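Just so we're clear, the structure is a prediction, and the values are computed from it rather than from any experiment. Counting convention: from 1, in listed order, for ligands and their atoms alike.
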Amino acid sequence: MQAPEGTKDYLPDEAGYWEQFKRIAADIFGRCGYVTIDTPLFEQTELFVRGIGEATDVVAKEMFQAISGENLKRLVAGEAIKSKSHLSLRPEGTAGVVRAVVQHDLVPQGAPPVKLMYAGPMFRAERPQKGRLRQFNQIGVECLGADAPSVDAEAIIMLMRFFEALGIPAAVTRLLMNSMGCDDCRPAYREQVRAYILGHASELCEECTRRAQTNPLRAFDCKNPACVAVMAEAPLISDHLCDACKGHHEQVESYLDAAGVPFVRAPRLVRGLDYYTRTVFEVQVTEGMGSQNAIGGGGRYDKLAEELGGRPTPGLGFALGFERCVLALQAAGFSFPAAQSLDLFLACVDASVRKEAFHLLQACRDSGLVADMDHQGRSLKSQFKLADKLDAPMVLILGPEEMDKGLVKLRHMGTHAEAAIALDGLYAVLGGLEYENSETLIESLLAKIFG
Ligand code: AMP
C-alpha cells in the first residue's frame with residue numbers, strides 16, 4: 001500500500017523539523033502578540049462557498065468533500081441530506097478562523113483587535129507536482145478588528161522575519177505587493193477587465209473567457225502564454241483605486257520602507273480567493289523552486305466577517321507553506337537535523353548486568369538525560385556502533401567484574417577517555433544534576449566525572 005496521491009509521510013526527521021518550524025513561528029509571531037487558535041479540519045461546505053467564493057478554483061474544483069457513511073448511503077439512494085451535513089476538508093485556514101471569531105464573538109464592539117495564529121494541514125484536490133500536494137501544512141495568522149495600514153505592514157514584516165529566521169536567503173526571496181481596491185473602486189475596475197477580456201475573447205483560452213462572467217480578475221493568474229500576453233495590456237487596478245485605497249496602500253508601503261523591507265509592486269497580483277480587499281501580497285523564491293515558487297501570501301479581507309454573518313470586522317492574514325519552505329531551504333543546501341540524538345548510551349558487557357543497566361537507565365532519564373540502551377542482545381562492539389550512530393557523546397559500560405566492585409565505566413566518545421566511577425556515586429550525581437537543558441546537563445555530568 002502507498003500513501004494516497006498528493007500526500008506524503010512526514011518521517012521523523014521532517015516531522016521533527018515541522019515541530020521546530022512551528023516553534024520558530026510561534027516565537028516570532030508571539031512577539032507581535034499573536035496567540036494560537038485551532039479550528040476543525042472540516043467545516044460546512046457552505047462556509048467555504050460563502051467565504052472563499054463559489055467561482056474560485058479552490059472551491060469550484062479543489063475541495064475534498066467529507067461525508068458520513070450514513071449520509072453517503074442516503075445520497076447513493078437518491079435521498080436528500082441536510083445542508084449542514086455537506087462538509088468539506090478545509091482548503092485554507094482563514095474561513096474557519098473568521099467563522100470562529102464570529103461564532104465566539106472574539107472581537108466585541110470597541111474591543112482591541114484579536115491576533116490569532118494556526119498551524120496544520122490543508123487539503124486541496126489539485127494535480128500533484130513538485131511543491132504542490134493534496135495535503136500540505138500551513139502556518140497562518142489572522143488579525144481581526146483593525147483596518148489600519150500598520151496592521152498590514154506589521155504582518156508582512158513578521159512574515160519576512162520568519163523566512164529570514166528559518167534561513168531562506170533574503171537574496172532569493174521576493175515580496176510582491178498590490179492592492180485589490182474595495183467595494184467602492186473594484187466593481188467599476190472589474191467591469192473594465194470584463195469588457196477587455198470580452199474584447200479579446202478570440203485570443204484567450206476558453207477558461208479565461210468563461211471567467212469573464214464569473215471572476216474576470218482571475219484571468220491575470222492564467223499561465224497560458226497567449227493569455228499572459230493579452231493580460232499584460234489589460235487595465236491595472238493601480239490606475240483605478242479610490243483615494244482611500246490609494247492612501248491605505250501608500251501607507252503600507254511607507255511602513256515597509258521604514259522597516260527596510262524591500263518589495264516589488266505587482267499590479268497584476270490578484271491571488272486566487274475572492275475575499276481580499278485592499279492589500280494583497282505574496283512571497284516568492286526566485287531560485288530552485290520550479291513553477292510552485294510562492295512560499296507565502298495573504299491580504300486584507302474587510303468584508304469576510306460580514307459575509308459569514310458577523311458584524312463588520314476588518315481583517316488581515318497570511319498563510320505560508322511548510323513543504324515549500326523546506327524546498328526553498330533545501331535549494332540553499334539545508335538538510336533536516338536528525339530527529340533523534342542521545343546524551344547517553346548504556347552498554348552491557350553481557351546479559352547478567354541488564355537488569356541493573358535498565359534500572360540505571362530510568363535514573364538517567366529521570367535526571368533529564370536523553371538515554372537509551374540496546375534491546376536486541378547486540379554484542380558490545382555493535383552496541384558501541386549503535387551509540388555512535390545515535391550521536392551519544394557518552395557511553396556508560398556495565399560489566400560483571402566492575403559491578404562486583406560497585407563500579408561502572410563512563411566513556412567519553414569524543415576523546416575516548418574512560419573513568420571508572422562508583423555506581424552509588426553516579427546515582428547521587430544523577431539525582432543532584434541541575435537541569436536547564438540537556439546540553440548543560442551533559443557538560444555538568446562530564447565536568448563532575450572527568451573534572
Ligand atoms: P494560499 O492559501 O493559496 O494563499 O497558499 C498559501 C501558501 O500555502 C502558499 O504560498 C504555499 O506556500 C502553500 N500552498 C498552497 N497550496 C499548496 C499545495 N497544494 N501544496 C503545497 N503548498 C501549498
Side-chain angles (χ1 to χ4, degrees), residues 3-10 14 18 21-22 25 39 41 43 47-48 51-53 56-64 88-98 117-142 155-156 158-160 162-163 166 168 172-178 180 215 217-218 220-221 223 266 269-277 279-286 288-301 304 315-331:
E5 193 189 6
T7 69
K8 58 184 254 176
D9 299 310
Y10 298 79
E14 187 168 5
W18 167 232
F21 190 87
K22 286 188 284 187
T39 61
L41 299 196
E43 298 267 0
L47 170 70
F48 302 119
I52 302 173
T56 59
D57 283 354
V58 168
V59 169
K61 304 185 196 161
E62 297 169 3
M63 284 210 297
F64 280 102
S88 294
L89 298 186
R90 64 182 187 187
E92 54 94 66
T94 303
V97 170
V98 176
M117 62 190 204
Y118 59 85
M122 305 295 159
F123 307 85
R124 294 184 195 172
E126 296 186 89
R127 193 173 48 78
Q129 64 179 89
K130 183 182 171 196
R132 192 159 76 188
L133 292 151
R134 295 183 144 197
Q135 176 180 333
F136 55 97
N137 283 310
Q138 280 188 343
I139 293 186
V141 307
E142 315 294 346
I156 295 168
M158 191 172 91
L159 177 64
M160 300 313 284
F162 173 74
F163 292 138
L166 277 188
I168 299 176
V172 302
T173 58
R174 181 167 59 195
L175 167 63
L176 306 179
M177 295 280 302
N178 194 19
M180 300 283 291
N215 200 352
L217 302 190
R218 287 306 312 282
F220 283 111
D221 273 347
K223 300 278 185 295
L269 177 70
V270 291
R271 297 189 43 79
L273 318 176
D274 270 2
Y275 51 57
Y276 289 118
T277 50
T279 310
V280 288
F281 53 95
E282 185 163 291
V283 183
Q284 298 179 342
V285 169
T286 52
M289 294 284 287
S291 64
Q292 302 303 311
N293 66 348
I295 52 173
R300 181 162 277 291
Y301 47 82
L304 182 56
L316 176 124
F318 64 69
L320 58 97
F322 169 69
E323 295 77 7
R324 294 222 193 132
C325 287
V326 167
L327 288 176
L329 285 166
Q330 286 170 335

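Note: Y10 and F322 have tilted aromatic rings, judged against thresholds of 30 and 60 degrees for the angle between ring planes.
A salt bridge does not link K8 with E323: none of the charged nitrogens is closer than 4.0 Å to a carboxylate oxygen.
Checked against a 6.0 Å centroid threshold, the rings of Y276 and F281 do not count as neighbours.
Applying the side-chain contact (heavy atoms from CB on, under 4.5 Å) criterion to L327, with sequence neighbours excluded, gives K130, M289, Q330. Applying the ring-ring contact (aromatic ring centres under 6.0 Å, His included) rule to Y118 yields no partners; only residues at least two apart in sequence or on another chain are considered. Judged as a side-chain contact (heavy atoms from CB on, under 4.5 Å), and not counting sequence neighbours, the contacts of N215 are A55, T56, R218, D274.
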List below, pair by pair, the N or O atoms of ligand 1 and of the protein that are less than 3.5 Å apart, including the distance to 0.1 Å; reply 'none' if no pair qualifies.
from, atom 1, to, atom 2, distance (Å)
ligand 1, 2 (O), R124, NH2, 2.8
ligand 1, 2 (O), Q138, NE2, 3.3
ligand 1, 3 (O), R124, NH1, 2.9
ligand 1, 3 (O), R124, NH2, 3.4
ligand 1, 4 (O), R271, NH2, 2.3
ligand 1, 5 (O), Q138, NE2, 3.4
ligand 1, 8 (O), Q138, NE2, 2.9
ligand 1, 10 (O), A294, O, 3.2
ligand 1, 10 (O), G296, N, 3.1
ligand 1, 12 (O), A294, O, 3.0
ligand 1, 12 (O), I295, O, 3.2
ligand 1, 12 (O), G321, N, 3.2
ligand 1, 16 (N), R124, NH1, 3.4
ligand 1, 19 (N), E126, OE2, 2.7
ligand 1, 19 (N), L133, O, 2.9
ligand 1, 20 (N), L133, N, 2.9

